[in-house]
**Q** 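If you scroll down you'll find the structure; I have some questions about it.
Here the structure is a predicted model, which means the values were calculated and not measured. Lettering of chains follows the sequences in order, A, B, ..., and the numbering in each one begins at 1.
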There are 2 protein chains.
Amino acid sequence: MLSQKAKYALKAMLALAEQKNGELLQAADIAEHQNVPRKFLELILLELRKQGLIHSHRGKHGGYALAKPADTITFGQIVRIMDGPLAPIPCASLTGYRRCVDCQDEKACAIRKAMREVRDAAAGILDGMTLESACSGGSAGARAALTS
Amino acid sequence: MLSQKAKYALKAMLALAEQKNGELLQAADIAEHQNVPRKFLELILLELRKQGLIHSHRGKHGGYALAKPADTITFGQIVRIMDGPLAPIPCASLTGYRRCVDCQDEKACAIRKAMREVRDAAAGILDGMTLESACSGGSAGARAALTS
DNA sequence: GCATAATCACATTGAGTTGATAGGAAGGAA
DNA sequence: TTCCTTCCTATCAACTCAATGTGATTATGC
Ligand code: FES
Ligand code: FES
């Protein structure tokens, strides 16, 4: 389940990606146009900045901008920062692996196998979808990444 | 994120599927062998019965058994009963659709498109994986379903 | 009939998470 | 200086999750 936080983060990042030649966009503007609670959005932008996805400028005429080209930032990165691993269950995660205490033989566990497949599929889609490919409509980018 | 409840449900259903010719299996036995809290498991089995996936027998020598052949029960059904829709976000769900109040144009929403792809991928895997195919090792069943 | 053993059905709990708000501190522009 | 904007921490209510408790109901074996 994608949290509101992650959804807002994606919306904000998409808004920043649509900005021409890295012009600054203010939190209040994003909040209004994307229908996101302003103070909550600040929290999210703060976290995105600390993770190096965006940079910010303070004071009058301040705001936010992407820290990297839009085609190098993926949905997967953003979702992982906000909600943690993509895997439905920790034992099937690459980025946040944790053993299942109640499974005796992890290697043979059918549930783990299934969830690993789900994780791989989700990662294939979300890590292949960049802000760029999402902006310029459709999922062509994702599909290209999947077949590569 | 798969809840403990759903994970326990899958474990219980797999245990029941491994039972020969529909013999009864008791909650206490499942709880012990699968390392699931006994009372919590009862709650889960109750729900599975109410949804028609298993049937039960009370009294001494009672227990539970699958209500249908193991190759007609999928991971997807079980997970949906326990955790609800597979989609990461309601607006991308078929079984539990709910509109996004904060998105102006749902049809063009890039987030929805991405999450719809994730949902379809997850559904393809989980609805293609039956208790039967999971028991007899591997994900051959799921892959067969995906290419069909 | 009676003791036993199992499922059935709620009610309750404690911990943790989620979504959001409040209030100011700090930095930059006019 | 005086606005304006981001930065930062604390706090909150509501909800969910995982688990437990208590007793009622139903079937078996003697
Ligand atoms: S090893 Fe994680 S579910 Fe079995
Ligand atoms: S329509 Fe649901 S995220 Fe945009």
Side-chain angles (χ1 to χ4, degrees), chain A residues 1-12 16 23-32 34-65 67 79 81-85 88-90 96 98 100-102, chain B residues 1-12 16 23-32 34-65 67 79 81-85 88-90 96 98 100-102:
Chain A
M1 188 65 172
L2 195 78
S3 68
Q4 286 290 98
K5 202 171 156 197
K7 176 173 149 187
Y8 291 160
L10 288 170
K11 287 180 117 179
L16 291 177
E23 281 194 7
L24 294 179
L25 200 52
Q26 297 188 344
D29 290 338
I30 302 177
E32 188 181 359
Q34 309 294 330
N35 288 302
V36 177
R38 182 165 161 271
K39 293 298 282 180
F40 195 17
L41 179 62
E42 279 186 25
L43 234 54
I44 291 164
L45 292 168
L46 198 62
E47 206 164 339
L48 289 171
R49 184 188 59 95
K50 285 185 177 167
Q51 295 295 325
L53 291 197
I54 62 180
H55 63 74
S56 62
H57 204 236
R58 297 216 272 197
K60 211 166 190 169
H61 305 130
Y64 300 88
V79 171
I81 288 172
M82 294 294 136
D83 286 359
I89 198 168
R98 260 179 31 232
C100 273
V101 286
D102 54 298
Chain B
M1 189 63 171
L2 195 77
S3 68
Q4 285 290 98
K5 203 171 157 196
K7 176 173 148 188
Y8 292 160
L10 289 170
K11 287 180 119 181
L16 290 177
E23 282 194 6
L24 294 179
L25 199 53
Q26 297 187 347
D29 289 339
I30 302 176
E32 188 181 358
Q34 309 293 331
N35 288 301
V36 176
R38 181 163 161 273
K39 291 301 283 178
F40 195 18
L41 179 62
E42 278 186 27
L43 231 57
I44 291 163
L45 291 169
L46 199 62
E47 206 165 338
L48 289 171
R49 182 187 61 97
K50 286 185 177 168
Q51 296 295 325
L53 291 197
I54 62 181
H55 63 75
S56 63
H57 204 235
R58 296 218 273 194
K60 213 166 188 170
H61 304 129
Y64 300 88
V79 171
I81 288 172
M82 293 295 136
D83 286 358
I89 198 168
R98 260 181 28 236
C100 272
V101 287
D102 54 299

**Q** Decide side chain to side chain contact (heavy atoms under 4.5 Å, CB included) for B/Met82 and B/Leu48; before the verdict, give the C-alpha distance in whole Å, the side-chain angles of both, and the deciding distance to 0.1 Å.
**A** CA-CA 9 Å; B/Met82 293 295 136; B/Leu48 289 171; 3.7 Å; yes
**Q** Treating A/Lys11 as the side-chain partner and B/Asp102 as the backbone partner, does any N or O pair qualify as donor plus acceptor under 3.5 Å?
**A** yes
**Q** Got a second to check how far A/Gln26's CD is from A/His61's NE2, nearest 0.5 Å?
**A** 8.0 Å
**Q** Roughly, in whole Å, what's the span from CG in B/Leu24 to C1' in D/dT28?
**A**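 Distance, rounded to whole Å: 13 Å.
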**Q** Mind checking if B/Ala28 touches a base, just sugar-phosphate, or nothing, with heavy atoms under 4.0 Å?
**A** nothing
**Q** Do B/Met1 and A/Pro90 make a side-chain contact, defined as non-hydrogen atoms from C-beta onward lying under 4.5 Å apart?
**A**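 A side-chain contact under 4.5 Å exists here.
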**Q** CD of B/Glu42 versus P of C/dC10: gap in Å, rounded?
**A** 14 Å
**Q** Got a second to check how far B/Asp29's CG is from B/Gln34's CD, nearest 0.5 Å?
**A** 10.5 Å
**Q** Determine: side-chain N/O of A/Ser56 to OP1/OP2 of D/dT5, distance under 4.0 Å, yes or no.
**A**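 No, no such contact exists.
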**Q** Rounded off to whole Å, could you give me the CG-to-P distance for the A/Leu46 and C/dA20 pair?
**A**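 It is 17 Å, rounded to the nearest whole Å.
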**Q** Nearest-Å distance, CD (A/Glu47) to P (D/dT6)?
**A**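 Value for this atom pair: 17 Å.
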**Q** Sorted by first residue and then second, give each side chain to side chain donor-acceptor pair (under 3.5 Å) pair with at least one member in residues 45-58 of chain B; sequence neighbours left out.
**A**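 Checked against side chain to side chain donor-acceptor pair (under 3.5 Å) - neighbours excluded - the pairs reaching residues 45-58 of chain B are B/Lys5-B/Glu47.
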**Q** Separation of A/Ile44 atom CD1 from C/dT18 atom C1', in whole Å?
**A** 12 Å
**Q** Could you pull out the closest heavy-atom pair between B/Gly52 and B/Ala67, with the gap in Å?
**A** O-CB, 3.5 Å
**Q** Any side-chain N or O of B/Arg49 less than 4.0 Å from the OP1 or OP2 oxygen of C/dT7?
**A**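 For B/Arg49, the contact criterion (side-chain N or O under 4.0 Å from OP1 or OP2 of C/dT7) is not met.
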**Q** Figure out the CD1/C1' separation between B/Ile54 and C/dC8, and round it to whole Å.
**A** 12 Å
**Q** Under 3.5 Å, which N/O atoms of the protein pair with N/O atoms of nucleotides 27-30 of chain C?
**A**
{"from": "C/dG27", "atom 1": "O4'", "to": "A/Arg58", "atom 2": "NE", "distance (Å)": "3.4"}
{"from": "C/dG27", "atom 1": "O4'", "to": "A/Arg58", "atom 2": "NH2", "distance (Å)": "2.9"}
{"from": "C/dG27", "atom 1": "N2", "to": "A/Gly59", "atom 2": "N", "distance (Å)": "3.4"}

**Q** Enumerate all atom pairs, one protein N or O and one N or O from nucleotides 14-20 of chain D, separated by less than 3.5 Å.
**A**
{"from": "D/dA18", "atom 1": "OP1", "to": "B/Gln4", "atom 2": "N", "distance (Å)": "3.0"}
{"from": "D/dA18", "atom 1": "OP2", "to": "B/Gln4", "atom 2": "N", "distance (Å)": "3.4"}
{"from": "D/dA19", "atom 1": "OP2", "to": "B/Tyr8", "atom 2": "OH", "distance (Å)": "3.3"}

**Q** How would you label the contact of B/Lys7 with the nucleic acid (heavy atoms, under 4.0 Å): base, sugar-phosphate, or nothing?
**A** nothing
**Q** Expressed as a whole number of angstroms, how long is the span from B/His55:NE2 to C/dC8:P?
**A** 12 Å
**Q** Starting from P on C/dA6, measure out to CD on B/Glu32 and report it in whole angstrom.
**A**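 Taking atom P of C/dA6 as the reference, CD of B/Glu32 is at 12 Å.
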**Q** How long is the gap from CD1 on B/Ile81 to CD1 on B/Ile44, to the nearest 0.5 Å?
**A**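 Here the rounded value is 12.0 Å.
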**Q** Checking A/Ile30 against A/Leu16 for the side chain to side chain contact (heavy atoms under 4.5 Å, CB included) test, could you report, in this order, the C-alpha distance in whole Å, the side-chain angles of both residues, the deciding distance, and whether it holds?
**A** CA-CA 9 Å; A/Ile30 302 177; A/Leu16 291 177; 4.2 Å; yes
